[in-house]
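Everything below concerns the one structure shown next.
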Amino acid sequence: METFTKQTVQITLRVNGENHSVEVEPRMLLADVLRHEIGLTGTHVGCEQGVCGACTILVDGAPERSCLMFAVQAEGREITTIEGVTPDEGMSELQASFQKHHGLQCGFCTPGMILTSEALLARNPNPSEAEIREALSGNLCRCTGYQFIVDSVQDAAAAKAVNHTNADGGSDKEGA
Amino acid sequence: MADMASRPQFTGSRITRIEDARLVSGQARYLDDVDFPGMLEVAFVRSNRPAAKITSIDIEAAKALPGVKAVWTHDNCPLEMTSAGFKTTWYALAKDEVRFVGEPIVAIAAENRYVAEDAADLVRIRYEEVEPVLDVRTAALESTRQVHEGRSNVFFHRERKTEGFDDAFNNAPHRLKDTFTFHRQTGAAMENRSFAALMDPFSGRLTCYCGHQSPHELRSELCEMLGMEENMVRVVVPEVGGAFGIKAAMYPEYLVVSWMALKLRRPVKWVSDRQESFLSDVHARDGVHDVEFAFDDDGKIIAIYDHMMADQGAYAAVPFPGSLGETVTAANVLTGPYTIPHQATVIDCSFSNKMPLGAYRGVWGPIASFIQEGIVDRVARHLGKDPVDVRRMNMISDADFPYKNPSKMLYDKGSYLKSMEDALRLIGYEDFRKKQAEYRTQGRYLGVGISVFVEPTASASSEAGSVGYEACTIRVEPTGTVTAALGLGPSGQGHETTMAQLIADQLGVDVKDIVILHGDTDSAPFGGGTGGSRSGTIGGGAAISAGKEMRAKLVKLAAHVLEAGEDDIELQEGKAFVAGVPAKSLTIKELAQIAYTHVAKLPEGMKPGLEIVTRYQPPFKVSFSNGTHIAVVEVHPDTGLIETLDYAVVNDCGNLINPTIVEGQIHGGVAQGIGEAFLEELKYDENGQLVTTSMQDYLLPASVEVPRMKIEHIETPSASEGGFKGMGEGSLIAAPAALTAAVSDALEPFGVMVNAMPVTPAQVVEWVSKGTPAVGAD
Ligand code: FES
Ligand code: FES
């Protein structure tokens with residue numbers, strides 16, 4: 001019988017602006033470490049096959065599948081999870097828009113949807129319906145049929161544009 | 001006392017969901033988020049043979065792996081699932097023999113899932129293979145091996161025929177036939193199926209966590225199979241990431257995990273991965289229907305014959321085998337919204353070496369709709385008529401209600417014809433026909449498909465409803481806020497909001513002052529759970545009934561204290577007041593304080609406290625929702641790709657509790673309909689291996705494949721409390737038929753009439769290249 005010693009490494013992950021020092025096996029998925037070691041269970045695992053998008057997080061601002069990354073690969077990167085985009089009080093614009101437009105039912109896909117949408121709106125503040133659908137095409141939802149999700153994202157974009165306009169004293173350049 | 005607090009303030013309005021705050025912020029707790037100190041995680045070694053005797057199992061290496069706590073075979077866990085009446089024994093861990101790929105054989109509990117899976121790799125199992133049974137037609141042959149030795153593979157056979165069927169059928173001017181095939185599919189909820197159990201350190205009872213649609217039914221099944229008393233088992237349903245019928249069933253893994261928690265005295269959790277889910281969540285559909293139908297020169301349909309065959313898989317699932325639902329219920333409503341006087345059905349359900357069939361949303365519905373709409377479209381094409389005209393001619397009219405169909409099902413009032421006419425307007429049918437002709441001249445193939453559906457809902461017996469009623473407790477707390485609990489098992493339907501809407505209107509309080517509990521057998525009253533589109537109607541009825549009872553007590557108390565007649569008391573905005581004298585009032589909080597604290601002020605005979613439990617059973621066996629779906633698709637003949645371009649729904653589910661939530665249900669059902677019609681297929685190869693065990697192989701519709709839908713509502717109330725009808729399944733019942741009919745219409749120039757689901761691109765390409773001959777010719 002072979003003897004077996006667990007190989008672990010100490011890594012520091014920067015998640016939602018905080019450093020977390022964790023001891024992990026090199027084979028551990030980032031999703032598992034975020035959920036089970038750091039306790040951020042808002043990141044959901046739907047397939048571990050890189051298909052469903054439920055595990056989507058932001059890595060340096062871009063959506064990534066945390067089931068397709070090893071935790072050790074994430075060292076030195078800026079990781080954002082659903083907990084990181086949730087304000088201390090209440091909801092973010094996007095979250096509030098998902099509630100307003102009934103963009104979720106069971107909620108399992110929702111954190112991934114919101115993070116993918118955050119990244120979309122950061123890059124394209126005024127997306128068309130087709131652009132939203134394209135951006136979300138890697139995030140599966142079994143409950144909603146997507147229509148109200150699309151509405152949620154579109155309306156959040158519009159609300160942002162209005163806020164910008166107000167803040168900039170009337171210029172709508174930024175949102176255009 | 002008025003019938004309701006005032007005019008309904010919340011019922012029928014589009015209020016946003018109470019449950020969303022925790023869900024959008026990632027704070028909700030699904031099963032894999034349940035964690036206890038010392039929790040072990042389980043991995044299963046599953047059969048990779050469809051049919052074999054087990055000759056040896058070597059678990060020594062697995063046991064020796066550090067971090068492994070237990071490696072169990074049947075000997076350690078001699079439990080079984082027995083489905084009443086069907087006499088198959090499905091062992092929690094296989095005993096001597098395996099009957100499908102994915103059947104659990106060995107269970108490993110370890111410090112985490114990584115280690116458990118490492119250990120699973122070290123288990124060695126030897127098999128002696130036997131010939132698998134993989135096809136529903138061969139399963140029925142005498143010469144085929146018996147899946148369960150000593151009993152026929154066909155475990156359910158039934159024949160029914162209306163009086164005079166033979167004459168009517170044989171003397172009809174036209175007869176056609178076709179075979180309709182439905183491939184295997186499954187619910188594929190985004191959250192995989194999971195289970196956790198522990199001995200509760202505070203009470204010493206077994207506590208089971210499970211994403212399940214019917215908490216009390218699950219508890220009853222666990223108690224029976226584990227040999228425990230119901231007061232010693234608690235079932236807690238945490239947040240559920242979608243269920244769709246697959247989470248209404250009992251499973252072997254649940255027994256193993258419970259047994260481990262009992263025997264190892266540790267918290268134990270099993271979370272299936274996606275591959276396991278495809279292998280071991282109940283499957284659905286998998287039927288073949290040999291259909292013949294007769295009609296006259298005008299297109300009036302006279303008689304339908306359907307030999308329904310369904311492949312149950314290896315065992316009778318618990319609480320019921322899905323093949324029965326897919327056939328018997330389909331037979332009950334095979335004529336759908338049409339007045340077809342004669343029907344004959346032969347049903348054969350048989351065993352095979354595949355995963356057992358259970359429930360997937362719309363059980364039977366997509367099948368019956370596909371056949372009934374397929375018949376209408378074939379009649380229309382045969383006679384050269386517009387399919388809309390053939391529908392109009394055959395449709396049940398308003399004068400026919402209550403209508404008894406050839407299976408003796410009684411339809412309550414609906415809006416069949418109106419729903420179709422409205423949907424035709426929504427989609428712009430006449431216009432589309434003109435454009436379609438134009439497109440064809442350009443070599444583009446667009447088609448329109450219509451599905452007018454009936455949905456039997458809120459049935460006295462349904463897959464989740466072990467009981468025909470639902471239960472609701474309401475407690476007005478000493479501070480005047482309201483806590484209510486129901487026996488439901490929601491998985492995204494928003495019951496915390498809709499049930500609160502109904503109760504708020506009864507008690508005259510704000511919807512935000514109501515907390516709805518569900519899913520914990522310790523706090524929820526014994527009820528039926530969620531499934532069979534029953535929660536809104538029967539659960540809603542229970543909420544209203546309980547609300548009325550509580551309201552009566554509050555009114556009585558207020559009348560006594562305010563020295564007014566009960567008839568003069570109104571409840572509104574958290575207050576009880578004398579009608580017309582708003583100054584003479586008491587807040588609900590003040591009433592609650594009297595009820596709990598200053599009990600000397602209670603009227604004579606009134607017991608202290610404000611807490612009631614009520615059970616509600618509707619005054620009917622079943623209530624029929626209805627509606628019409630119309631799809632417009634474009635089929636690309638070169639690639640075989642099908643695009644859904646436009647989609648209209650007119651839905652009638654009686655009175656609406658929350659139209660936004662109803663629309664969400666419709667959207668989701670239509671998306672699943674697109675999956676059912678064009679994408680989703682669980683494929684077993686000729687060796688009995690399931691080859692679609694990832695989401696790359698089992699395709700779910702994505703955001704770019706689901707069109708924007710136009711929805712309108714009609715409200716034809718049912719006789720239930722509140723006038724509601726169920727609606728959770730109608731959209732998946734209707735959509736596949738509409739979508740596939742649109743493909744048939746688009747490919748009419750090639751003589752195509754779709755007769756199998758899903759339609760794949762390869763099939764389209766083949767049809768186009770062959771120009772398949774028209775209906776019934778083969
Ligand atoms: S869990 Fe990562 S893509 Fe599905
Ligand atoms: S809301 Fe259930 S999977 Fe999207």
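Quick note on labels: first sequence line is chain A, next is B, and so on, each numbered from 1.
No other option in A:Leu104, A:Ile132, A:Leu94, A:Val51 has as many heavy-atom pairs under 4.5 Å with chain B as A:Leu104. With chain A as the partner, the residue from B:Gly187, B:Ala243, B:Ser731 showing the most heavy-atom pairs under 4.5 Å is B:Gly187. Ranked by non-hydrogen atom pairs under 4.5 Å with chain B, the options A:Gly42, A:Gly90, A:Gly46, A:Cys52 are led by A:Gly46. In terms of non-hydrogen atom pairs under 4.5 Å with chain A, the most contact-rich of B:Gly492, B:Ala188, B:Gly494 is B:Gly492. Chosen from B:Ser491, B:Ala189, B:Gly668, B:Pro490, the residue pairing most often with chain A at heavy-atom distances under 4.5 Å is B:Gly668. Contacts with chain A were tallied for B:Val706, B:Asp33, B:Thr660; B:Asp33 has the most, counting heavy-atom pairs under 4.5 Å.
Counting all heavy atoms, side chain and backbone alike, B:Gly242 lies closest to A:Cys106 at N-CB, 3.4 Å. Across A:Pro111 and B:Gly26, no two heavy atoms sit closer than the pair CG-CA, 4.4 Å. Shown here for B:Arg17 and A:His102, the closest heavy-atom pair between the two residues is CD-CE1, 3.7 Å. Across all their heavy atoms, B:Val24 and A:Phe98 have their closest contact at CG1-CB, 4.1 Å. When every heavy atom of A:Met28 is checked against every heavy atom of B:Asn112, the shortest pair comes out as CE-ND2, 4.5 Å. The nearest pair of heavy atoms linking B:Thr16 to A:Lys100 is CG2-CA, 3.9 Å.
Using a 4.5 Å cut-off between heavy atoms, B:Glu191 contacts chain A through both its backbone and its side chain. Contact annotation for A:Thr110: only side-chain heavy atoms (C-beta onward) come within less than 4.5 Å of a heavy atom of chain B. Both the backbone and the side chain of A:Leu29 come within less than 4.5 Å of a heavy atom in chain B.
With hydrogens and angles ignored, the 3.5 Å screen pairs no side-chain donor or acceptor of A:Gln105 with any backbone N or O of B:Ile661.
Aromatic rings from B:His667 and A:Tyr146 are positioned such that their centres are separated by 6.0 Å or more.
A salt bridge does not link A:Arg27 with B:Glu117: every distance from a Lys NZ or Arg NE/NH1/NH2 to an Asp or Glu carboxylate oxygen is 4.0 Å or more. B:Arg113 has no carboxylate O lying under 4.0 Å from a charged side-chain N of A:Asp32, or vice versa, which leaves the two without a salt bridge.
Looking only at side-chain heavy atoms (C-beta outward), A:Asn139 and B:Met190 stay at 4.5 Å or farther from each other. Contact of the A:Arg35 side chain with the B:Asp32 side chain is registered, since non-hydrogen atoms from C-beta on lie closer than 4.5 Å. The side-chain heavy atoms of A:Glu48 and B:Arg274, taken from C-beta on, include no pair separated by under 4.5 Å.
Scanning residues 56-88 of chain A against chain B with a 4.5 Å non-hydrogen threshold yields A:Ile82, A:Glu83, A:Thr86, sorted by number.
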